[in-house]
Amino acid sequence: MQSQRDRVQLPTSQSPQELLETLLSITARVQGFLYRCRNDRDYSMLHISEGVERLCGYPASDFIDNRRRSFSAVIHPDDLATVYRDVDLAIAGKTKWEIDYRFVHNDGHPIWVHEVGAGVFSDSGELLYLEGFVIDIARRKQMETELHHTQQQVLETN
């Protein structure tokens with residue numbers, strides 16, 4: 001069985017440091033962030049890119065090893081059980097997860113996000129960590145709400 005790291009093809013013209021700088025530059029331009037964390041109930045972060053601050057209002061450094069807060073602490077309480085369930089099911093099946101849920105921003109308002117992630121396993125099948133990316137989907141959720149509202153109005157007038 002091939003490890004995930006073995007499947008990544010690094011361009012021969014870029015050093016690992018240059019590749020990292022490229023990835024960080026790209027993620028700095030999107031409304032989202034990359035992460036790598038432990039599979040614990042806090043989702044203790046080993047790495048989290050700076051874009052997390054744009055989404056939830058807390059600096060990335062707050063989440064590394066739960067210095068100031070855990071990642072699960074910023075997930076909306078009504079969504080946390082669903083996140084745990086979907087991640088656990090994907091890990092058990094060694095598949096990726098795709099989840100829509102809400103963060104609670106540091107000013108208290110909810111922010112809709114979409115997360116795609118997966119477990120990273122050793123060659124022997126041991127779960128090493130979780131990694132993925134999270135993006136802001138507030139506009140999409142607003143459009144879905146408006147569409148639903150419009151559909152309801154149409155049904156009520158017919």
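Residues: numbered from 1 along the sequence shown.
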Would you indicate whether Arg139, at its atom CZ, is surrounded by more than 12 heavy atoms from other residues, nucleotides or ligands within a distance under 6.0 Å? no
In Å, rounded to the nearest 0.5 Å, how long is the span from CG of Asp86 to CD1 of Ile99? 4.5 Å
Heavy-atom nearest pair, Leu127 first then Gly119, reads CD1-CA, 3.7 Å
I'd like to know whether Thr82 forms a side chain to side chain contact (heavy atoms under 4.5 Å, CB included) with Tyr101, so could you lay out the CA-CA distance, the side-chain angles of the two residues, the decisive distance to 0.1 Å, and finally the verdict. CA-CA 8 Å; Thr82 301; Tyr101 60 92; over 6 Å; no
Quick check: is Trp112 connected to Tyr58 through a chain of hydrophobic side chains (ILVMFWY, heavy atoms under 4.5 Å apart)? no
Show your reasoning for whether ring-ring contact (aromatic ring centres under 6.0 Å, His included) applies to Phe103 and Phe71. CA-CA 10 Å; Phe103 281 143; Phe71 187 75; 5.5 Å; yes
Counting only N and O atoms by type, is there a donor-acceptor contact under 3.5 Å from the side chain of Glu53 to the main-chain atoms of Glu50? no
Flag side-chain contact, heavy atom, 4.5 Å: Val74 against Phe63: yes
Specify the closest pair of heavy atoms between Val134 and Tyr35, including all atoms of both residues, with the distance to one decimal. CG2-CE2, 4.1 Å
Please list all pairs meeting side chain to side chain donor-acceptor pair (under 3.5 Å) that have one or both residues in residues 63-75, counting only residues at least two apart or in different chains. Arg38-Asp65, Ser44-Asn66, Asp62-Arg69, Ser70-Ser72
Taking the side chain as everything from C-beta on, heavy atoms only, tell me whether Trp97 gets closer than 4.5 Å to Ile91. yes
Kindly compute the distance separating CG (Asp136) from CG (Leu55), expressed to the nearest 0.5 Å. 5.5 Å
Would you say the side-chain atoms of Ser49 pair up with the backbone N or O of Leu34, donor to acceptor, closer than 3.5 Å? yes
Hey, could you give me the CD1/CE distance between Ile137 and Met143, rounded to the nearest 0.5 Å? 11.5 Å
Does Leu130 share a hydrophobic cluster with Leu80, counting links as ILVMFWY side-chain heavy atoms below 4.5 Å and allowing steps through other members? yes
Contact between Ile75 and Tyr84 at the side-chain level, heavy atoms closer than 4.5 Å - yes or no? no
Atom pair CZ (Phe121) and CG (Leu128), whose distance is rounded to the nearest 0.5 Å: 8.5 Å
Distance check, rounded to the nearest 0.5 Å: Phe33 atom CZ versus Phe133 atom CZ? 11.0 Å
Closest non-hydrogen atom pair between Pro77 and Val104, with its separation: CD-CG2, 4.2 Å
How many angstroms lie between CD in Glu115 and CD in Glu98, if you round to the nearest 0.5 Å? 10.0 Å
All heavy atoms of Lys96 vs all of Val116, minimum pair found to be CD-CG1, 4.1 Å
Could you check if a side-chain atom of Asp78 sits within less than 4.5 angstrom of a side-chain atom of Arg102, using non-hydrogen atoms only? yes
